[in-house]
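We name chains A, B, ... by the order of the sequence lines, and we start the count at 1 in each one.
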Number of protein chains: 2
Amino acid sequence: MTANTPEKSRAQSLGQYLANVRTTKRMSLREVEEACAGVVSNAYLSQLEHDKISKPSPNILHALAEVYAVPYATLMAKAGYITETQKPKQKSGRHAQVPTFATDDLTTEEEEALLEYLAFLRSRKGGGK
Amino acid sequence: MTANTPEKSRAQSLGQYLANVRTTKRMSLREVEEACAGVVSNAYLSQLEHDKISKPSPNILHALAEVYAVPYATLMAKAGYITETQKPKQKSGRHAQVPTFATDDLTTEEEEALLEYLAFLRSRKGGGK
DNA sequence: ATCATCTGCTAAGTATATCAAGCAGTCAAG
DNA sequence: CTTGACTGCTTGATATACTTAGCAGATGAT
C-alpha cells in the first residue's frame with residue numbers, strides 16, 4: 001500500500017516502452033528487424049509499439065530484449081506475463097539495474113537535460129517513498 | 001539444475017512432463033480445466049500433453065503451474081522460452097560505465113520518465129549532429 | 001523538376017493457438 | 001442387456017499472432 005498509487009506510477013504500456021527504447025537507441029524499425037535476425041518484422045514491431053498485439057510471443061520479447069539490452073523480465077511483465085516468482089520489485093525499490101542509458105550514447109546536451117529533468121522529478125516527489 | 005524433479009531427471013518434453021504431473025496428482029483433464037477456472041480447456045490440455053502445440057501461451061502455462069504446484073519457470077523452460085537460470089548477461093561491455101546517471105539509483109518510474117523525455121528530445125528532429 | 005532511399009505505417013494473407021462439440025471406450029449400477 | 005457418468009481424445013471453427021507487400025511522406029542528390 002505504500003506504492004499502490006497507480007496515478008503516480010504511470011506504468012507505460014509495452015508498446016510505449018518499446019517505442020521509447022527504440023527511439024532512444026536511434027534505431028529504425030528495419031534496423032531492429034535486421035538486428036533480430038528476422039525474428040521480428042518491422043511491420044510487427046510497429047504494431048507492437050502501437051499496442052495492437054495483446055499477447056506477443058515470448059520469443060519476440062526475448063529477441064527484442066537482447067537487441068535493446070533491457071531485461072527480459074521487464075518486457076514479460078509489461079506484456080502481462082506477470083512473473084511474480086522471478087520479477088524484481090517494482091514498488092518502492094530504489095534500484096533498477098536497467099542499463100538503458102548508455103551514457104556513451106548521450107550527448108552532453110542530452111545528459112544535462114536529463115539530469116535537470118531528473119532533478120525536477122525528484123524535487124517534486126520530495127524525499128522518495 | 002533440475003532440482004525439482006523428484007525422481008526422473010530425464011529431459012522430457014513439455015507434454016510428457018504435464019502428463020506425468022497430472023497422472024501423479026490423479027486428476028482428469030476436466031478436473032484440471034475446472035481447477036484452472038476455464039483458462040485451459042480439457043481438449044487443449046490433451047493436445048498439450050501430446051506435444052501438438054509448439055508455442056503455448058504463458059498464460060496457460062502459468063495457470064497450469066498454479067494448479068499443479070510446479071514452478072512456472074520450469075514450464076516456461078520446457079516450452080522453449082529460454083532457460084530460467086540464464087539471466088546475467090549484461091557483462092558484455094558496450095556500456096558498462098554509467099558515470100553521471102547512477103542507474104542503480106533510478107526507480108523504475110524515474111527510468112521510464114527519463115526514457116520518455118529523452119525520446120521526446122530526440123524525436124525533435126535534428127537532435128543529433 | 002526527377003530519381004533514390006530512407007522513414008513509419010497499414011492492408012491482406014498465412015499460420016497457429018485455443019475452444020466447443022462430439023466420439024469411442026470403460027465401469028458401475030439398475 | 002441398457003443407461004448414465006466417467007475417462008481421454010479428435011475434429012471443425014474461430015481468434016489472433018505474425019509476415020509479405022505495398023503505400024505515403026521526408027530527405028537528399030543529380
Side-chain angles (χ1 to χ4, degrees), chain A residues 13-68 72 75-76 78-81, chain B residues 13-68 72 75-76 78-82 116 118-129:
Chain A
S13 66
L14 175 67
Q16 197 73 36
Y17 183 78
L18 288 178
N20 279 339
V21 172
R22 185 177 61 84
T23 306
T24 299
K25 294 210 174 290
R26 293 182 170 282
M27 298 179 73
S28 71
L29 295 174
R30 285 171 179 82
E31 279 175 344
V32 175
E33 172 178 346
E34 285 241 339
C36 286
V39 176
V40 193
S41 66
N42 68 82
Y44 189 55
L45 225 193
S46 177
Q47 296 180 34
L48 272 179
E49 294 184 354
H50 285 247
D51 287 314
K52 297 233 162 112
I53 308 296
S54 60
K55 271 152 51 173
S57 165
N59 298 329
I60 304 281
L61 298 184
H62 187 259
L64 289 179
E66 295 250 324
V67 169
Y68 290 156
Y72 179 46
L75 297 189
M76 290 293 281
K78 285 193 177 296
Y81 303 139
Chain B
S13 67
L14 173 67
Q16 288 188 333
Y17 181 77
L18 287 178
N20 208 351
V21 172
R22 185 176 61 84
T23 306
T24 299
K25 296 210 175 288
R26 298 186 193 278
M27 297 179 73
S28 71
L29 294 174
R30 284 173 179 81
E31 278 175 345
V32 175
E33 172 178 343
E34 285 243 340
C36 287
V39 176
V40 193
S41 65
N42 68 82
Y44 189 56
L45 184 54
S46 175
Q47 296 179 36
L48 272 179
E49 293 185 355
H50 285 247
D51 287 314
K52 296 234 154 123
I53 307 297
S54 60
K55 272 155 37 176
S57 164
N59 297 329
I60 304 280
L61 298 184
H62 189 264
L64 289 178
E66 295 248 324
V67 169
Y68 291 156
Y72 177 45
L75 297 188
M76 290 294 281
K78 283 193 180 299
Y81 301 141
I82 69 163
E116 191 175 9
L118 180 57
F120 165 74
L121 282 180
R122 291 192 171 172
S123 66
R124 274 322 207 199
K125 191 64 211 308
K129 305 147 193 265

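Residues passing the side chain to side chain donor-acceptor pair (under 3.5 Å) test with B:Ser41: none are found, sequence neighbours excluded. Judged as a side-chain contact (heavy atoms from CB on, under 4.5 Å), and not counting sequence neighbours, the contacts of B:Ser46 are B:Leu29, B:His50.
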### Task
For B:Leu75 and B:Tyr81, run side chain to side chain contact (heavy atoms under 4.5 Å, CB included): C-alpha distance rounded to whole Å, both residues' side-chain angles, the deciding distance at 0.1 Å, then the answer.
CA-CA 9 Å; B:Leu75 297 188; B:Tyr81 301 141; over 6 Å; no
### Task
For B:Leu45 and B:Leu64, run side chain to side chain contact (heavy atoms under 4.5 Å, CB included): C-alpha distance rounded to whole Å, both residues' side-chain angles, the deciding distance at 0.1 Å, then the answer.
CA-CA 9 Å; B:Leu45 184 54; B:Leu64 289 178; 4.1 Å; yes
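OP1 and OP2 of D:dA17 both lie 4.0 Å or more from every side-chain N or O belonging to A:Ser57. Listed pair B:Ser46 / D:dG8 fails the phosphate criterion, with no side-chain N or O lying under 4.0 Å from OP1 or OP2.
If you take CG of A:Leu29 and C1' of D:dA26, they are 15 Å apart, rounded to a whole angstrom. Here the C1' atom of nucleotide C:dG8 and the CZ atom of A:Arg26 are 16 Å apart, to the nearest Å.
For residues 33-53 of chain B, the salt bridge (Lys or Arg N to Asp or Glu O under 4.0 Å) pairs, not counting sequence neighbours, are B:Arg22-B:Glu49. Applying the salt bridge (Lys or Arg N to Asp or Glu O under 4.0 Å) test to residues at least two apart or on different chains, none of the pairs has a partner in residues 35-47 of chain A.
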### Query
Where along nucleotides 19-24 of chain D does protein come under 4.0 Å, by heavy atom, of base (B) or sugar-phosphate alone (S), with - for untouched nucleotides?
BBBB--
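Contact of the B:Val32 side chain with the B:Ser28 side chain is not registered, since no non-hydrogen atoms from C-beta on lie closer than 4.5 Å. Counting heavy atoms from C-beta on, the side chains of A:Tyr44 and A:Ile60 come closer than 4.5 Å.
Within residues 48-55 of chain A, the residues having any heavy atom under 4.0 Å from DNA chain C are, by residue number, A:His50, A:Lys52.
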